Colleague: 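Quick one: the structure is below, and I'll ask about it shortly.
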Amino acid sequence: MMLEITTTHYLLLSAVLFAIGAAGILVRRNMITVLMSIELVLNSVNLNLIAFSYQLSDLTGQIFAVFTIAVAAGEAAVGLGILIALFRLLDDTHLDKATELHG
Amino acid sequence: MFEFLTTSGPALLFYLFALMAVAGAVCVVSMRNPMYGAIGLLVCFLSIAALFLLRHAEFVAVVQIFVYGGGIMVLFLFVIMLVNLHRLHETTMLGNYWRTAFVVSLALVAIFGFLFLKVEFGPSFEDPSKFVDALEPGMGNSEAVAWKLYREYLLPFEIASVFLLVAMVGAVVLGRRA
């Protein structure tokens with residue numbers, strides 16, 4: 001008997017990670033946790049890109065994954081900058097406290 | 001038994017790291033203390049780097065460890081320690097719509113799973129372990145990625161560097177004491 005890993009395995013794992021990340025974004029009200037969940041979602045997308053790069057024997061997927069990582073790094077830096085600014089303003093990181101734009 | 005381990009080794013490693021990645025992800029969304037969540041996130045990042053290695057994406061795996069495991073993780077830990085942790089314990093953990101959110105994410109898994117199990121991808125186009133040699137025999141993964149990145153994708157690469165500069169300036173401006 002020999003176990004084999006196919007692209008479908010990777011796709012299913014990435015779907016599970018994506019759903020966990022999406023649930024974290026929707027459910028949690030702590031800004032830090034929401035930002036960490038966004039990183040989870042981006043990582044699950046990278047998993048798909050790498051799996052298809054292997055499936056199609058094409059390096060473009062890996063190049064795209066590198067760009068995704070660059071964008072994720074920028075997003076984390078700006079997101080945490082906003083978090084710090086908001087924490088100075090509200091003295092809290094709870095999302096429901098940020099209601100200034102509700103009008 | 002030994003033969004099973006040698007032939008199915010990568011598959012067993014896949015299941016191990018997939019389990020660790022899912023456990024880390026669950027830790028991120030379920031822990032009340034963001035510090036434990038950050039540790040779970042680190043476990044998840046490193047497991048995903050191992051899964052990249054199993055798909056012969058060595059360069060991306062190392063970049064994943066450097067950028068996510070190093071840079072982004074330090075950024076998160078910095079911010080968690082900067083904000084007051086005692087205050088975080090008092091806040092309610094879940095929003096008002098958590099039941100809807102759980103149903104939506106479960107439906108997401110069901111739909112994706114159904115679609116992915118329906119599609120038959122078939123075998124890979126070539127011998128996949130050899131595809132890094134596509135440009136030149138004996139070329140490693142990093143070298144192949146570099147050739148493609150600096151020739152075909154030079155403009156997106158430059159745009160990414162400008163984007164990172166803009167993000168850095170933006171983060172400094174946002175973090176400045178008003």
Side-chain angles (χ1 to χ4, degrees), chain A residues 1-13 15-24 26-30 32-33 36-37 39-40 43 46-47 50-51 53-57 59 62-63 65-67 69-74 76-78 80-85 87 92-94 96, chain B residues 4 7-8 10-11 14 18 21-22 25-26 28-29 34 37 41 44 48 51-52 55-57 60 63-64 67 71-72 75-76 79-80 83 87-88 91-92 94-95 98 101-102 105 108-109 112-113 116 121 124-126 128 131 144-145 148-149 153 156 160 163-164 167-168 170-171 174-175:
Chain A
M1 191 183 84
M2 189 181 151
L3 292 173
E4 200 147 6
I5 295 302
T6 60
T7 304
T8 310
H9 287 80
Y10 271 81
L11 292 183
L12 287 176
L13 172 65
V16 169
L17 286 179
F18 185 94
I20 293 173
L26 293 170
V27 164
R28 295 297 301 265
R29 295 292 88 188
N30 184 355
I32 298 172
T33 312
M36 289 199 283
S37 303
E39 298 299 327
L40 272 183
N43 254 290
N46 273 351
L47 213 50
I50 296 296
S53 154
Y54 184 84
Q55 167 83 26
L56 303 174
S57 299
L59 276 179
Q62 298 187 13
I63 308 273
V66 171
F67 284 125
I69 290 174
V71 171
V78 174
L80 290 170
I82 293 172
L83 199 157
I84 292 291
F87 180 72
D92 204 345
T93 58
H94 201 267
D96 294 341
Chain B
F4 172 76
T7 53
S8 302
F14 171 85
V22 172
V26 169
V28 170
V29 296
L41 194 65
C44 188
I48 287 175
L51 291 171
F52 288 169
R55 260 352 187 193
H56 291 281
V60 185
V63 167
Q64 165 95 2
V67 176
I72 293 180
L75 216 58
F76 271 113
V79 170
I80 291 170
V83 302
R87 200 179 297 278
L88 295 178
T91 56
T92 46
L94 301 176
W98 65 272
F102 271 121
S105 48
L108 216 59
V109 172
F112 277 146
F116 292 157
F121 289 107
S124 302
F125 282 162
E126 302 160 40
F131 80 100
V145 169
K148 218 170 164 64
L149 193 60
Y153 296 94
F163 163 79
L164 283 176
M168 191 176 76
L174 283 169

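Being a predicted model, the structure only gives us computed values, none of them experimental. Residue numbers begin at 1 in each chain, while the letters A, B, ... track the order of the sequences.
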Colleague: With a 4.5 angstrom heavy-atom cut-off, which part of A/Leu12 approaches chain B: side chain, backbone, both or neither?
Modeller: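 Contact with chain B: backbone and side chain both.
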Colleague: Heavy-atom cut-off 4.5 Å, strictly under: side chain, backbone, both or neither for A/Leu17 against chain B?
Modeller: side chain
Colleague: Looking only at heavy atoms, what is the nearest atom pair of A/Gly74 and B/Ala167, with distance?
Modeller: CA-CB, 3.8 Å
Colleague: Would you tell me whether B/Gln64 and A/Asn43 have side-chain atoms, one donor and one acceptor, within less than 3.5 Å of each other?
Modeller: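 Checked: B/Gln64/A/Asn43 side chains pair up, N/O donor to acceptor below 3.5 Å.
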Colleague: Give, as side chain, backbone, both or neither, the part of B/Phe116 having an atom under 4.5 angstrom from any heavy atom of chain A.
Modeller: both
Colleague: Taking side chain as C-beta onward, heavy atoms only, is A/Asn30 less than 4.5 Å from B/Pro34?
Modeller: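 Heavy-atom side-chain distance check passes, below 4.5 Å.
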Colleague: For B/Leu149, is it the side chain, the backbone, both, or neither that has a heavy atom closer than 4.5 Å to a heavy atom of chain A?
Modeller: both
Colleague: What part of B/Tyr153 gets within 4.5 angstrom of chain A, counting heavy atoms only: side chain, backbone, both, or neither?
Modeller: both
Colleague: For the candidates B/Val63, B/Val67, B/Leu51, which exhibits the highest count of non-hydrogen atom pairs separated by less than 4.5 Å from chain A?
Modeller: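 Max contact count across the listed options: B/Leu51.
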Colleague: With the side chain counted from C-beta on, respond yes when A/Ile5 and B/Arg55 share a heavy-atom pair under 4.5 Å apart, and no when they do not.
Modeller: yes
Colleague: Between the main-chain N or O of B/Val29 and the side-chain N or O of A/Arg28, is there a donor-acceptor pair closer than 3.5 Å?
Modeller: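 Indeed, once roles are kept as given, a pair shorter than 3.5 Å links the two residues.
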Colleague: With the side chain counted from C-beta on, respond yes when A/Ile84 and B/Leu174 share a heavy-atom pair under 4.5 Å apart, and no when they do not.
Modeller: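 The answer is no, as the side chains (C-beta and beyond) never meet within the 4.5 Å cut-off.
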Colleague: Could you measure the distance from the CD atom of A/Gln62 to the CG atom of A/Asn46? Nearest 0.5 Å is fine.
Modeller: 11.0 Å
Colleague: Between B/Ala25 and chain A, with a heavy-atom cut-off of 4.5 Å, which part of the residue counts as in contact: side chain, backbone, both or neither?
Modeller: both
Colleague: Are A/Leu40 and A/Phe18 side-chain neighbours, meaning at least one heavy-atom pair lies under 4.5 Å?
Modeller: no
Colleague: Counting heavy-atom pairs closer than 4.5 Å to chain A, which one of B/Gly170, B/Ala160, B/Gly71, B/Ala101 comes out on top?
Modeller: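 So the answer, after comparing B/Gly170, B/Ala160, B/Gly71, B/Ala101, is B/Ala101.
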Colleague: Heavy-atom cut-off 4.5 Å, strictly under: side chain, backbone, both or neither for A/Leu13 against chain B?
Modeller: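 Only the side chain of A/Leu13 comes within 4.5 Å of chain B.
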Colleague: Among B/Ile72, B/Val109, B/Leu108, who wins on heavy-atom pairs under 4.5 Å with chain A?
Modeller: B/Ile72
Colleague: Are A/Tyr10 and A/Tyr54 an aromatic pair, judged by ring center distance below 6.0 Å?
Modeller: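 Ring-ring flag for A/Tyr54/A/Tyr10: false, centres at least 6.0 Å apart.
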Colleague: Mind ranking A/Val78, A/Leu11, A/Thr6 by heavy-atom pairs under 4.5 Å with chain B and telling me who comes out on top?
Modeller: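 Most pairs with chain B among the choices: A/Leu11.
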Colleague: Find the one option among A/Thr8, A/Thr33, A/Ile69 whose heavy-atom pairs under 4.5 Å with chain B are most numerous.
Modeller: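 Among A/Thr8, A/Thr33, A/Ile69, the one with the most close pairs to chain B is A/Ile69.
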Colleague: Which atoms of A/Ile20 are under 4.5 Å from chain B, going by heavy atoms: the side chain, the backbone, both sets, or neither?
Modeller: both
